[in-house]
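So the structure is just underneath, and the comments pick up after that.
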There are 2 protein chains.
Amino acid sequence: MRRLLCLLFVFAAQAALAADSTEPSRTTQQETINRIFADALAHGCAYDQLRELVARYPGRLGGSSNLDGAIGWAQHQLTSLGVDRVFTQDVTVPHWERGAPESVTLLRPGEPPVPLNALALGGTIATPAEGLTAPVIEVRSLADVEALGREKIAGKIVFYNRPMDPTIFRTSTAYSQAGDQRNHGPALAARFGATAVLVRSLTLAHDDVPHTGTTSFGAGQERIPALALSTLAADVLSAALVRNPDATVRVVSHARLLPDAPSHNIIGEWRGSERPDEIIVVGGHLDSWDVAPGAHDDGTGVVAAMEVLRLFKSLDLRPRHTLRCVLFTSEENSGNGGKRYAQLARVSGEKHLFAIESDNGGFAPAGFNLGNPAGDAHERAARWRSLFEPWGVWHFQKGSGGADVGPLIKEGATVAGLMPDSQRYFDYHHTRADTIDHVNPRELHLGAAALAALIWLIDTEGL
Amino acid sequence: MRRLLCLLFVFAAQAALAADSTEPSRTTQQETINRIFADALAHGCAYDQLRELVARYPGRLGGSSNLDGAIGWAQHQLTSLGVDRVFTQDVTVPHWERGAPESVTLLRPGEPPVPLNALALGGTIATPAEGLTAPVIEVRSLADVEALGREKIAGKIVFYNRPMDPTIFRTSTAYSQAGDQRNHGPALAARFGATAVLVRSLTLAHDDVPHTGTTSFGAGQERIPALALSTLAADVLSAALVRNPDATVRVVSHARLLPDAPSHNIIGEWRGSERPDEIIVVGGHLDSWDVAPGAHDDGTGVVAAMEVLRLFKSLDLRPRHTLRCVLFTSEENSGNGGKRYAQLARVSGEKHLFAIESDNGGFAPAGFNLGNPAGDAHERAARWRSLFEPWGVWHFQKGSGGADVGPLIKEGATVAGLMPDSQRYFDYHHTRADTIDHVNPRELHLGAAALAALIWLIDTEGL
């Protein structure tokens with residue numbers, strides 16, 4: 001029902017636009033920004049689109065049929081928004097599969113085995129079919145592994161158990177600080193002869209939900225099995241190792257790397273009325289982890305970017321510059337979608353004025369991070385702070401956008417990322433719990449409106 | 001386990017305090033505020049206390065045994081926080097009971113009856129045991145009822161169906177604007193001879209969860225049954241009335257008003273080291289609606305107020321003024337707890353410097369509303385904005401605190417209310433869905449830290 005209304009709304013808006021496309025806005029900036037937010041809150045379609053995306057195509061990992069299905073779905077959505085053209089870019093992406101469910105089991109002489117909730121990390125390999133069993137050495141950092149050296153590490157399972165720092169306000173900062181354990185810990189342990197790696201899940205939640213994610217090995221380096229333990233399972237293992245230093249763990253994983261697969265970025269383009277050769281991008285990434293419905297990460301970024309186009313249409317805000325909704329592929333396990341988009345922009349000599357993405361969840365927007373070659377984009381944008389404050393958006397900080405639009409800064413673009421409230425994001429990030437019921441429609445629609453408002457200001461006034 | 005850690009933490013902090021109670025803080029204001037927030041995020045006990053409160057004493061409505069149980073629980077909690085004294089104030093409160101479950105059924109000739117999810121409103125009365133059946137007249141406002149007059153209203157069920165305005169950013173504003181239908185609509189309809197009233201639930205969520213709340217009748221006025229319909233049920237009824245204007249509805253309610261009951265405000269007091277005769281209050285209300293676990297409303301306010309004391313203890317921030325944690329009774333259906341506290345302050349000549357409450361849910365804090373006799377409290381407090389912004393708190397607006405501390409402004413106090421993110425609050429407000437799983441521990445603990453930080457600034461620097 002609401003979905004139907006959404007479509008009707010788009011068509012009605014297009015009709016109005018056709019009838020009146022040259023009429024300039026006579027409202028003040030604040031009035032226009034208020035109209036953008038009010039329209040998103042009253043008529044936003046992003047939540048209904050998100051429900052459809054995650055219900056039909058959960059687990060949209062590179063190389064999967066669900067990612068291919070989501071790409072087709074996105075093309076249809078963009079086409080029905082009535083943009084001037086919808087096109088794709090070929091992108092080669094890694095193809096990794098989890099295979100049959102993994103397992104991690106704590107073994108102590110004379111005690112029953114204890115299953116520990118775990119998920120294999122993207123890019124890792126399988127154990128022997130019967131699994132591998134080895135003693136465990138717990139560490140808090142990569143430096144610990146360096147210090148212990150090969151004689152202490154070889155033949156063991158290395159267990160990285162440094163928690164995210166709960167005292168940091170922005171959870172993405174705590175995530176980055178603890179992230180070296182997952183991103184580079186397995187490769188380092190492998191160099192010292194570890195047989196496998198366990199990593200404490202990157203979350204501030206204290207529960208039994210394991211969080212997957214990617215890990216990197218050197219080119220040509222021999223890979224080893226590596227899995228993330230839920231934070232509760234990590235605490236169980238850590239406590240057991242204190243009482244039984246000779247406890248062992250059996251790890252079973254069926255993960256495998258397949259040959260790279262073809263994929264695509266999807267682009268919906270609306271030609272600018274005055275400067276069609278200067279491009280503004282709003283984007284999100286279509287892919288998600290295999291076990292995750294990918295509601296917050298990054299279904300919300302995808303539907304928010306499409307909602308920006310709907311808002312411009314429905315409010316008759318014809319962009320002066322060319323406005324592109326870019327839905328990137330393979331952010332999760334390669335970043336190849338964003339790199340490919342920037343590479344093609346360079347070779348084709350496209351001028352990108354501004355590129356913004358939403359990839360921190362669909363929570364209530366608090367601000368933006370901005371970066372440009374001159375390093376002053378965040379200060380320039382802060383002059384608009386009073387226009388945003390009535391809608392709860394107040395923070396403008398220096399940054400580099402996100403993984404997908406970040407590469408465009410080298411092409412001279414100003415890049416940005418939406419900064420929603422960050423407290424809940426890592427409760428769901430890269431898990432089976434990244435579901436639609438954890439997304440609030442108003443918070444999602446406020447975020448889409450914040451993207452549209454900043455784009456409208458840059459399109460009409462320039463940064 | 002964590003609960004135990006919380007208690008140990010308090011005792012350790014008290015020991016430290018005893019050993020070092022005269023040592024002045026040498027940290028800068030920003031350093032102290034950062035310590036407050038970091039301690040709340042790393043060691044906050046509010047969430048664990050909340051889990052205990054809502055598990056043991058859900059449905060804490062005035063006159064209920066669960067409210068009495070919660071009062072005893074709160075006394076124990078405050079005592080174990082090591083305050084100088086814990087005392088109570090006698091408060092007489094309304095005693096209303098829902099009785100057996102209510103029902104609302106749509107009846108149309110030749111069609112099967114359709115049950116409509118509903119909850120009786122506090123203060124309303126029962127229908128006859130077999131229920132009452134009458135035609136329904138849908139209105140959008142109290143003015144509609146005035147305009148229709150007795151001849152159109154008498155003998156009918158009046159159905160107030162004006163939704164909350166989704167385009168307003170602060171949901172509490174939209175709630176207030178639509179609230180006249182629930183607060184005063186039944187009394188008005190009764191004066192025109194309506195047999196019963198149905199009201200669209202006060203929420204922006206589009207679901208089948210009815211939201212109860214209080215409604216007022218004139219002194220001595222004859223009351224009628226009045227119930228809130230879920231927003232989906234309201235839409236079903238509205239659509240049915242378009243197709244079948246002669247549809248009727250059967251309402252069954254067993255609600256009843258009992259004689260007023262005794263209850264209590266609970267106060268934990270920590271004497272000021274320099275100005276013990278000047279009082280600072282931090283509070284929340286212990287009561288909740290009968291069907292609601294009362295996690296957000298207002299369990300979070302209760303445990304956040306207690307967390308403020310824990311933070312002052314654990315960080316050795318000895319208050320110069322007397323600091324009281326006041327847990328008010330009967331906010332939901334009378335406001336008598338807050339009125340009684342202010343009345344006793346006046347008769348005993350207590351000087352209240354500052355009083356703040358949290359009664360808008362345990363979501364991430366965005367700011368404060370402040371009011372004082374001079375009307376400039378929010379401008380004065382805004383000078384501290386830069387101290388709060390690193391923790392996401394940036395907004396200082398004029399206001400009057402909340403229902404419980406508001407009456408103290410007449411006694412010369414500066415009053416304030418915490419303003420958390422408001423987008424999700426009315427999804428749960430006054431419903432069975434106001435449960436612990438909708439509270440995020442970090443958001444709750446950030447709110448408690450914001451309360452403690454503002455109180456510490458006012459205690460040390462003055463407003």
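In what follows, every heavy atom counts, from backbone to side chain, and hydrogens, waters and symmetry copies are set aside. Just so it is clear: chains get the letters A, B, ... in the order the sequence lines come, proteins before strands, and each one is counted from 1.
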Subject >> Max heavy-atom pair count under 4.5 Å with chain B, selected residue of A:Thr167, A:Asp421, A:Ile168 >> reply: A:Thr167

Subject >> Max heavy-atom pair count under 4.5 Å with chain A, selected residue of B:Ala364, B:Ala205, B:Gly392 >> reply: B:Gly392

Original post:
Quick check: does any side chain N or O of A:Ser201 sit under 3.5 Å from a backbone N or O of A:Thr231, one acting as donor and the other as acceptor?
Top reply: no

Original post:
For B:Arg162, does the CZ atom sit with more than 12 other heavy atoms under 6.0 Å from it, leaving out its own atoms?
Top reply: yes

Original post:
Considering only heavy atoms, which portion of A:Leu446 lies under 4.5 Å from any heavy atom of chain B: side chain, backbone, both, or neither?
Top reply: side chain

Original post:
Which answer fits A:Asp427, side chain, backbone, both or neither, if we ask what part of it has an atom under 4.5 Å from a heavy atom of chain B?
Top reply: side chain

Original post:
Between CG of B:Asn369 and CE of B:Met419, what distance do you get to the nearest 0.5 Å?
Top reply: 6.0 Å

**OP:** Spell out, as yes or no, whether a donor-acceptor pair under 3.5 Å connects the side chain of A:Thr32 to the backbone of A:Gln30.
**Re:** no

Original post:
By a 4.5 Å heavy-atom criterion (distance strictly below it), what part of A:Trp394 contacts chain B: side chain, backbone, both, or neither?
Top reply: side chain

Original post:
Shortest non-hydrogen contact from A:Arg442 to B:Phe169?
Top reply: NH2-O, 3.5 Å

